[in-house]
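So that the names make sense, note that chain A is the first sequence line, chain B the second, and so on, each numbered from 1. Side-chain atoms are counted along with the backbone in the values below, which use heavy atoms only and exclude waters and symmetry mates.
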Amino acid sequence: MKIATWNVNSLNVRKPQVLSWLAQQQPAILGLQELKQVNEAIDNSDFAAMGYQTLLNGQKTYNGVALIYQEELGEPSDVVCDIPALDDPQRRVIAATFGELRVINAYVVNGEAIDSEKYQYKLNWLEAFSNWLALEIAQHPNLVVMGDFNIAPSDADVFDPERFKDAVLCSPPERDYFNRLLAMGFTDALNCFSNEENNFTWWDYRGGGYRRNHGLRIDHILTSPAVQAKATACHVDKEPRGWERPSDHAPVVLTLA
DNA sequence: ATGGTGGCTGTGCCA
């Protein structure tokens with residue numbers, strides 16, 4: 001059983017690629033970020049024809065997240081589209097329970113630059129997000145938290161650490177929030193299974209980032225201990241990043257026994 | 001080289 005996350009940077013543009021990738025990889029659950037569409041603009045029948053159902057939390061132009069899941073998983077329960085205790089008009093989270101498995105899919109704030117207001121919004125957002133995850137991991141032994149975290153956890157996750165030193169995506173306060181999640185008992189699944197250097201998930205469109213492998217590892221899958229015990233692999237699927245008109249992110253895939 | 005590209009909007013914003 002595979003669980004995956006992918007920032008598609010517009011579902012409208014990337015939907016054919018998402019459908020191709022679903023057919024190729026057959027994940028049980030796929031978390032998408034940056035739909036950039038409202039729910040009403042998304043035609044679920046394309047997914048249904050392939051045996052997938054959708055849970056959508058869309059937004060016009062920016063943000064927007066979804067969970068795409070195999071219909072044989074049955075009806076999900078406890079669907080949540082907002083972080084409790086955070087008044088946030090931006091559509092950045094969607095969570096649901098599939099049988100015994102709780103899944104949270106998130107598009108963390110980018111933050112732009114550490115001297116910007118958006119960076120403060122990011123830290124406030126991460127505070128509420130981490131508080132919520134502490135409650136969730138206490139309630140759900142089988143929990144997966146995945147998505148675009150917009151945090152490179154360590155210098156090994158950055159193609160040029162000097163260039164990104166103390167910059168947004170890499171600053172100590174952001175990394176502190178990521179480490180806070182690990183301290184709660186989550187495992188960084190990709191980091192656990194792959195010791196490869198340069199295991200990047202995002203490459204800037206600008207400056208030939210992908211061609212030069214100027215990437216960062218900012219998309220993650222975090223597993224609770226009971227889920228991690230069932231995990232047999234976790235990897236970045238770089239193939240779609242090389243397709244025509246790609247997203248700037250590659251999918252990350254967790255395999256469970 | 002303080003740039004570059006891409007998506008969506010609306011003549012800029014966001015990543």
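For an aromatic pair to be called close, the ring centres must be under 6.0 Å apart, and A:Y205 with A:Y210 fails this. The distance between the ring centers of A:F178 and A:H220 falls below 6.0 angstrom.
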Below 3.5 Å between N/O atoms, which protein atoms pair up with nucleotides 12-15 of chain B? Just atom names and distances, please.
unit_1 : atom_1 : unit_2 : atom_2 : d
B:dC14 : OP2    : A:K118 : NZ     : 3.4
B:dA15 : N6     : A:R206 : NH1    : 3.4

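When rounded to the nearest whole Å, the span between CZ of A:R212 and P of B:dG4 equals 13 Å. Atoms OH (A:Y210) and P (B:dG4) sit 24 Å apart, rounded to a whole Å. Taking atom CZ on A:R211 and atom C1' on B:dT5, their separation rounds to 12 Å, with Å as the unit.
B:dG3 and B:dG7: their P atoms are spaced 22 Å apart (whole Å). One C1' atom belongs to B:dA1, the other to B:dG12, and the distance between them is 24 Å to the nearest Å. Taking the C1' atoms as reference points, B:dC13 lies 8 Å from B:dT9, given to the whole Å.
One distance of note links CD of A:Q90 with CD of A:Q59; it measures 6.0 Å at 0.5 Å rounding.
A:R14 comes within 4.0 angstrom of the backbone, heavy atoms only, and of no base.
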Which atom pairs, one a donor and one an acceptor, fall under 3.5 Å between side chains of residues 73-82 of chain A and the rest of the protein, sequence neighbours left out?
unit_1 : atom_1 : unit_2 : atom_2 : d
A:D82  : OD1    : A:R91  : NH1    : 3.2
A:D82  : OD1    : A:R91  : NH2    : 2.6

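Side chain of A:S116 to main chain of A:E112: no donor-acceptor pair is present (N/O by atom type, distance under 3.5 Å, no hydrogens or angles).
For the residue pair A:Y107/A:N57, the side-chain donor-acceptor check at 3.5 Å is not satisfied.
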